[in-house]
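Atom set for the values below is all heavy atoms of this structure, side chains included, hydrogens, waters and symmetry mates excluded.
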Amino acid sequence: MKAGLKNLLLILVVLALAVFPLLVNKNAEFGGADEQAEEVIGELQPDYQPWFESVWEPPSGEIESLLFALQAALGAGFIGYFIGFYRGRREQGTGQERRRGTIKERDAVVQD
């Protein structure tokens with residue numbers, strides 16, 4: 001299978017995985033674990049006071065989700081860059097060794 005076709009199929013699978021839950025549960029609320037934890041804490045300890053307050057509260061849930069996704073994308077890009085960088089260095093190093101040949105091969109060429 002060609003690389004372009006494989007990449008296209010992978011993209012379509014990822015899109016299907018992202019869209020499928022939205023189509024199946026049209027009226028569902030997709031809340032985060034933070035909201036669920038706040039509800040449980042409120043039920044168990046109604047007089048609970050948090051230790052810290054947020055320095056800045058995003059104006060809406062959409063902006064909060066955007067910032068979270070941006071953070072995840074930057075982290076994934078950072079990790080992917082370094083994995084590719086070190087893989088490229090490793091492959092470049094093995095390529096140079098292959099071009100130079102081993103010591104025995106070079107000695108055999110010199111003796112001929």
Does a sphere of radius 6.0 Å around [atom1] in [X] hold more than 12 heavy atoms from other residues, nucleotides or ligands, not counting ones at 6.0 Å or beyond?
X	atom1	answer
Trp51	CH2	no
Tyr48	OH	yes
Asp34	CG	no

So how far is it from [X] [atom1] to [Y] [atom2], rounded to the nearest 0.5 Å?
X	Y	atom1	atom2	answer
Leu5	Leu10	CG	CG	9.5 Å
Glu38	Ile41	CD	CD1	7.5 Å
Gln92	Arg89	CD	CZ	8.5 Å
Leu70	Ser65	CG	OG	12.0 Å

Please work out whether the ring planes of Phe85 and Tyr81 are parallel, tilted or perpendicular, with thresholds of 30° and 60°.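 Parallel, since the angle between the ring planes stays under 30°.
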
Specify the closest pair of heavy atoms between [X] and [Y], including all atoms of both residues, with the distance to one decimal.
X	Y	result
Pro46	Glu43	CD-O, 4.2 Å
Ile63	Pro59	CD1-CG, 3.8 Å
Ala18	Pro21	O-CD, 3.7 Å

Under a 4.5 Å side-chain heavy-atom rule over Ile, Leu, Val, Met, Phe, Trp and Tyr, are Tyr86 and Phe78 clustered together?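 Linked, Tyr86 and Phe78 end up in one cluster.
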
Counting C-beta onward and ignoring hydrogens, is there a side-chain heavy-atom pair between Asp47 and Gln45 closer than 4.5 Å?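 Yes - at least one pair of side-chain heavy atoms lies under 4.5 Å apart.
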
